[in-house]
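Naming convention: chains lettered A, B, ... in sequence-line order (proteins, then strands); numbering from 1 in each chain. Reckoned from all heavy atoms, side chains included, excluding hydrogens, waters and symmetry mates.
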Number of protein chains: 2
Amino acid sequence: MRATVKDVAKLAGVSPKTVSNVINGIVFVRPETRERVEQALAELDYVPNLSARGLRNGRSGMIGLALPDLLRPYSAEITHLVVELAHQRGWGVQIEQTAAEPKREFELLSKARANLVDGLILNPVNLDDSAVMTAGPLPAVVLIGDVDQDVVSQVAIDNVGAAREMTQHLIEQGFRRIAAVGTPEIPRGASGTGRVGGTADTPGTAAARLRTTGYREALEAAGLPHDPELEIGLDRWSPEGAATVVGRYLEDHETPDALFCFTDTIAAGALSALWTAGVAVPGDCAVAGFDNILESQYTVPPLTTVDFDRRQFVQSALDLLGERMADKDAQPRRVVVPHRIVSRASTAR
Amino acid sequence: MRATVKDVAKLAGVSPKTVSNVINGIVFVRPETRERVEQALAELDYVPNLSARGLRNGRSGMIGLALPDLLRPYSAEITHLVVELAHQRGWGVQIEQTAAEPKREFELLSKARANLVDGLILNPVNLDDSAVMTAGPLPAVVLIGDVDQDVVSQVAIDNVGAAREMTQHLIEQGFRRIAAVGTPEIPRGASGTGRVGGTADTPGTAAARLRTTGYREALEAAGLPHDPELEIGLDRWSPEGAATVVGRYLEDHETPDALFCFTDTIAAGALSALWTAGVAVPGDCAVAGFDNILESQYTVPPLTTVDFDRRQFVQSALDLLGERMADKDAQPRRVVVPHRIVSRASTAR
DNA sequence: TTGAAAGCGATACCAC
DNA sequence: GTGGTATCGCTTTCAA
């Protein structure tokens, strides 16, 4: 059986409380006592039982991280940073995948209330039916990603602005027929074309709607026509989906001047489809992405994309989470992390 | 304050034990009693305290997953599967990054012994100085990846065989001067060239050594000369590292017929470097990878690579872990998951 | 079938 | 400074 504080206390000839004091190092302990205790700790190879500590303290020392789809390189980057930066604060990270199912988000919040995690970083896909909006006492939660709420703290980027600027950038490069890839897809029904314009009440992820808005704003500002045919819908932001849909699109549509893909992952699929179709990039069709994942610097050709400081993004999320964990009644705050356009060969003229 | 079993019991007019019985559903409870309890549970919005449960049961219901570098798409795929498949078994997943530091591996094992996780899936980079080899009572641990030990259970692929087959495949395609990218790098000292042959006592990761061995075996079997100049060392398996090293290599070496990159991530960097240097793939130089990450199907051109059933890989790891968690004295087992060569355009003749 | 009470291990309160 | 001791919330003998 593993050693407990009691065993250590007995061996060191002190009380459990003293052992605890030594371990947590808050109260002053006489050096010679400390010495004895530490020796006993080492001798018995003492490891504290974190469940017991958690029970007593009401804190587990862990936070939860819930992302819609862990499979994507983007998720890997977020996870990497959360784990690294949380570790610096002495927090462990429990990871979850919501797969865009609100049900899973509920489970997570409940887990947080079950004291298994002290806080939760949640990337909701669609807040309308998301768990956070339900009334009731919430654990410490920080939302990452752009959704419209002010119930809990949030860190986001300006999706509309970024999409507008990217579209504008493409226009400035001289491209005119600019397609958007990843616009909201009709969830059910006659989705034969796979294209649909997002309106206020159109289903789809928040980011998809916002980026579509920015795209349209830029077109309008430049006096370019809004062509619904150029909004290519995707029900899931995956390379396989993008490759399939873009490939099919190229078969029966005139090739656009440029594709503005709503994530780099989509762009990877699009590049693949264009290559398969024998369309030169950027010569016959330019391609831009969004997120600036690490891999996008090494695609062929390198990808123009929207960059934001992911480390600061995550750091902010942890800051906000820390605030809420320390003070349950802290005002929800919203942090917007700046972004910028990174222009690479995929949109060169 | 949150409701406890006691509160629920009081409200339902029963004892805590009965509430517990209802919650865990093991013992038969009279339907009308159950009804009352369930109503009370709902009314008080009861959520069990998992720390308390963990303390009492000695199990937390969570497993740990420790990967060397969470940043990679490969890590994302593993994490995705572990989270999904563990969830099916009712396990939560705590995630960690070892960054190839044995120190972190130690911390994790200690965390496992601290009852925060019931088991640990560990992907060690270099077992020689890895924590698992230290004596002492180990928690349930399963190793993923090819390292040489029989202390704990392990799931792996045949790295030597796969590398041999891939090299052979390239030879069969007619390539002769085949370079290997990702061979073990000298840790310190005169690493001016960035190339070094791995020998038995050469430092480097286990996978790097094993894949190098397979590569050499195939060359030898085909009667091709072993040219140390064709073993391109990498200290870290990242696209940026690969792009830099391969780019530099191309400047002062004759371009090989083919590059066998030891991961798809390396291959992505290599493809980028070749594109930058104006070397056509596969026309002037073929490229092959290893792992068949999702993105490799969509690179330009699509990447020939070594595929293995990642889902089965992870499923096996969880099976083995389950065994060890159920029976501490279960014999360590070793599962080897089959692999196959997937030939795509990047090595077409 | 259900109730009473002990105890998992660590910590904080209150004495000394 | 340090020692007893109650307590966190849940589960589980043992009785009834």
In this structure, how many angstroms lie between the C1' atom of D:dT11 and the OH atom of B:Y46, rounded? 10 Å
B:R56 CZ to C:dC8 P: how many Å, rounded? 8 Å
Measure from the side-chain heavy atoms of B:T4 and tell me the nearest of D:dT11, C:dA10, D:dC10. D:dC10
Cation-pi geometry met for B:R311 and B:F313 (6.0 Å, 45°): no
Just call it for B:T33: base, sugar-phosphate, or nothing, with non-hydrogen atoms closer than 4.0 Å on any strand. sugar-phosphate
What's the CD1-P distance between B:I23 and D:dG9, to the nearest Å? 14 Å
Could you state the atom-to-atom distance from CG of A:N115 to C1' of C:dA10 in whole Å? 15 Å
Taking only side-chain N and O atoms of B:T18, does any of them lie within less than 4.0 angstrom of OP1 or OP2 on C:dG3? yes
Separation of atom CZ in A:R36 from atom P in D:dG1, rounded to whole Å: 16 Å
Need one value for A:V19: base, sugar-phosphate or nothing, where a base atom within 4.0 Å counts as base even if backbone is also close, heavy atoms only. nothing
For A:K6 and C:dG9, what is the distance between atoms NZ and C1' respectively, to the nearest whole Å? 8 Å
Remember a base hit wins even if backbone is also touched, and classify A:V14 as base, sugar-phosphate or nothing at under 4.0 Å, heavy atoms. sugar-phosphate
To the nearest angstrom, the CZ-C1' distance between A:R53 and C:dC8 comes to 16 Å
Evaluate the criterion side chain to side chain contact (heavy atoms under 4.5 Å, CB included) for residue pair A:V22 and A:V19; output intermediate values, then yes/no. CA-CA 5 Å; A:V22 169; A:V19 175; 5.7 Å; no
If you draw the axis of the six-membered ring of A:F106, does the NZ or CZ of A:R104 fall within 45° of it and under 6.0 Å from the ring centre? no
From the candidates C:dT2, D:dC10, C:dA12, the one with an atom nearest any side-chain atom of B:N21 is C:dT2
Picking from C:dT1, D:dT13, D:dG3, the nucleotide nearest the side-chain atoms of B:R30 would be C:dT1
Earlier contact from the 5' end, DNA chain C, for B:N57 and B:K17: B:K17
Nucleotide nearest B:A52 (side chain, heavy atoms from C-beta), chosen from C:dA10, C:dT11, D:dG9: D:dG9
Atom CG of B:N24 and atom P of D:dC10: how far apart are they, to the nearest Å? 11 Å
Verify whether one side chain among A:D118 and A:S60 offers a donor that lies under 3.5 Å from an acceptor in the other. yes
Tell me which of B:L55 and B:S15 sits closer to the 5' end of DNA chain C, going by the nucleotide each one is nearest to. B:S15
Heavy atoms under 4.0 Å, any strand shown: does A:V29 hit a base, just sugar-phosphate, or nothing? sugar-phosphate
Salt bridge or not for B:K10 and B:D7, using N-O below 4.0 Å? no
